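All values reported here derive from a predicted model rather than from experimental measurement. In what follows, chains are A, B, ... by sequence order, proteins preceding strands, each numbered from 1.
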2 protein chains.
Amino acid sequence: MTTLDTAGGRPARHSLDDVLAAAMAILDENGLADLTMRRLAASLGVQPSALYWHVPNKQTLLALIADRIVSVPGAAGVPGTSTRPGTATRSPDATGIDWQHAARAEALALRDALLAYRDGAEVVSSTLALGLGADDARGRLAAALTGADLAPSAREMAAATLLHFILGHVWHEQQRLQADSLGVVAPGQAADPLEASASHHGPGSFEFGVDLLLDGLAARALRR
Amino acid sequence: MTTLDTAGGRPARHSLDDVLAAAMAILDENGLADLTMRRLAASLGVQPSALYWHVPNKQTLLALIADRIVSVPGAAGVPGTSTRPGTATRSPDATGIDWQHAARAEALALRDALLAYRDGAEVVSSTLALGLGADDARGRLAAALTGADLAPSAREMAAATLLHFILGHVWHEQQRLQADSLGVVAPGQAADPLEASASHHGPGSFEFGVDLLLDGLAARALRR
DNA sequence: ACCTGAACACCGTTCAAGT
DNA sequence: ACCTGAACACCGTTCAAGT
């Protein structure tokens with residue numbers, strides 16, 4: 001079905017874009033555990049070895065996917081431009097825009113982007129040290145913090161803190177989604193909504209964390 | 001060398017404790033990628049299938065390891081008692097103890113515990129939904145926050161926020177350690193100490209994040 | 001109580017060769 | 001420019017059987 005074999009001939013010919021699209025489809029439908037090079041090749045109607053013409057190894061493939069997951073236009077993004085420099089600025093005259101609102105919006109947009117693909121947070125997390133997508137996200141968060149009265153290094157560290165929290169939270173969230181759908185429930189972690197909503201994983205716990213960080217920054221700004 | 005074959009006989013007999021100790025040795029010396037069931041079996045002088053008498057599957061093995069990594073006595077822990085209830089209280093009369101100091105100490109202790117094993121943060125993160133170790137850590141953080149003037153649900157959410165930040169930060173940190181030791185450097189992420197120390201990954205960026213969170217909590221406490 | 005032996009159904013990656 | 005075919009060196013897990 002996704003093989004897309006050329007009408008008459010045998011060997012299907014693909015671009016890197018095709019490969020990434022197919023990989024992301026598998027990721028979303030079956031999860032990271034099922035995203036193997038062999039399964040990906042099969043979904044493209046191609047031999048596994050063919051993938052290594054497009055990509056040097058699986059790790060790079062995952063990094064490219066992470067890049068795409070994170071590069072969807074967020075709250076500050078212009079729709080259609082998927083890649084923007086990390087230090088992108090929003091509208092030049094930022095007067096009247098509350099930086100806390102901007103940072104909050106960016107954080108929520110990043111969470112949505114991660115939630116848009118199954119295991120999105122794990123893919124992006126596992127790829128952190130390779131740069132690319134994660135750096136893009138941190139750049140956007142840092143840009144959103146322009147306006148807070150912070151030294152450049154403090155702004156960078158604050159953006160990193162936000163990013164780490166977001167990845168940690170969403171990953172946990174997606175692990176629970178998967179565990180629940182598999183019926184696997186850990187002893188302490190009750191699956192019934194009663195306990196879930198009353199505890200650290202209820203709705204709003206993400207916003208709580210973001211606001212906590214932003215409150216900390218605001219307190220710092222006041223002390224200068 | 002680690003086979004520990006009984007002097008005279010053929011089949012080596014082991015306890016779950018032996019298995020976990022051998023697994024943690026591999027983890028620390030060779031990393032998570034090399035911690036396979038087959039390699040673990042070989043290090044114990046046993047067939048791979050023998051491991052499945054001690055443990056139902058690899059995921060459970062990793063969860064048990066995560067539990068041990070996290071359960072080292074932290075700042076508030078009594079040395080020797082490795083397992084304590086999640087809602088453990090520290091000394092009853094907490095008057096005079098600054099909760100911010102307690103939470104900070106607990107966060108630093110957790111980071112040290114994660115750093116004590118190669119890929120520690122990834123192992124614990126991947127095991128979050130299974131409860132065990134991660135829950136223990138969150139419980140200790142929540143306990144340390146007793147004294148901050150917070151509603152119980154807020155305290156739980158704050159502990160979760162701290163935990164997610166810590167895992168995200170240390171995982172990133174350990175990824176960089178491994179990337180550096182392999183000589184793999186990402187385009188943007190310069191390996192030279194000049195850029196590293198000037199940015200979000202310099203020394204102190206962990207403390208910065210923790211303090212940011214604690215400042216946010218302090219600001220909240222003031223508003224009540 | 002703890003392990004062997006053999007098998008099943010997979011992996012990622014390389015490399016010469018094809019078109 | 002993009003793919004095949006065949007191979008290499010691995011995986012996690014199951015299960016009957018042994019002691």
Side-chain angles (χ1 to χ4, degrees), chain A residues 2-23 26-27 30-66 119 122-123 126-127 130 178 182 184, chain B residues 2-23 26-27 30-66 119 122-123 126-127 130 178 182 184:
Chain A
T2 349
T3 45
L4 288 173
D5 221 280
T6 49
R10 291 149 262 1
R13 315 198 115 231
H14 302 284
S15 66
L16 174 59
D17 231 84
D18 296 334
V19 172
L20 294 180
I26 293 174
L27 182 65
N30 308 98
L32 184 57
D34 278 16
L35 178 47
T36 68
M37 298 300 267
R38 298 180 106 102
R39 198 186 196 294
L40 173 57
S43 91
L44 288 164
V46 124
Q47 297 294 319
S49 53
L51 298 175
Y52 291 86
W53 192 90
H54 297 280
V55 119
N57 50 51
K58 189 179 181 180
Q59 190 177 185
T60 300
L61 174 78
L62 290 176
L64 293 173
I65 291 173
D119 297 326
E122 181 174 0
V123 172
S126 73
T127 242
L130 298 186
Q178 196 150 339
L182 263 68
V184 185
Chain B
T2 348
T3 44
L4 289 174
D5 222 279
T6 48
R10 289 145 264 1
R13 316 198 114 233
H14 301 285
S15 65
L16 174 58
D17 230 84
D18 297 334
V19 172
L20 293 179
I26 293 175
L27 182 65
N30 307 98
L32 185 56
D34 278 16
L35 179 47
T36 68
M37 297 300 267
R38 298 180 106 101
R39 198 186 195 294
L40 173 57
S43 92
L44 288 163
V46 126
Q47 296 294 319
S49 52
L51 298 175
Y52 291 85
W53 192 91
H54 297 280
V55 119
N57 50 49
K58 189 179 181 180
Q59 190 175 186
T60 301
L61 175 78
L62 289 177
L64 293 173
I65 291 173
D119 297 326
E122 181 174 1
V123 172
S126 72
T127 242
L130 299 186
Q178 194 151 340
L182 264 68
V184 186

Sticking with atom P, work out how far D:dA17 lies from C:dC2, rounded to a whole angstrom. 22 Å
Looking only at heavy atoms, which two atoms of A:S43 and A:A22 are closest? And how far apart? OG-CB, 3.9 Å
Would you say D:dA1 has OP1 or OP2 under 4.0 Å from some side-chain N or O of A:H54? no
Return a table of donor-acceptor pairs under 3.5 angstrom between the side chains of residues 54-66 of chain A and protein atoms on other chains or two or more places apart.
unit_1, atom_1, unit_2, atom_2, d
A:N57, OD1, A:Q59, N, 3.3
A:N57, OD1, A:T60, N, 2.9
A:N57, OD1, A:T60, OG1, 2.9
A:K58, NZ, A:L35, O, 3.0

From CG of B:L44 across to P of C:dC2 the rounded distance in Å is 13 Å
Residues in side chain to side chain contact (heavy atoms under 4.5 Å, CB included) with A:A41, at least two apart? A:V46, A:P48, A:L51
Figure out the CG/C1' separation between A:L51 and D:dC3, and round it to whole Å. 11 Å
Taking side chain to side chain contact (heavy atoms under 4.5 Å, CB included) as the definition, give me every residue that meets it alongside B:S49, ordered by chain and number, with sequence neighbours left out. B:Q47
Pairing string, 5' to 3', for DNA chain C - Watson-Crick or wobble contacts under 3.5 Å, brackets [ ] where pairs cross, | to another strand: ||.|||||...|||||.||
Under-4.0 Å side-chain N/O to phosphate OP1/OP2 contact, B:H14 with C:dA1: no
Which residues pass the side chain to side chain contact (heavy atoms under 4.5 Å, CB included) test with A:R39, sequence neighbours left out? A:I26, A:N30, A:D34, A:T36
Protein within reach of the bases, or only the backbone? For nucleotides 5-19 of chain D, mark each nucleotide 5' to 3' as B, S or -, using heavy atoms under 4.0 Å. B-----BBBBB----
Roughly how far apart, to the nearest Å, are D:dA9 and C:dA9 at atom P? 23 Å
Identify the two heavy atoms, one from A:L44 and one from A:H14, that lie closest to each other, and give their separation to 0.1 Å. O-NE2, 3.0 Å
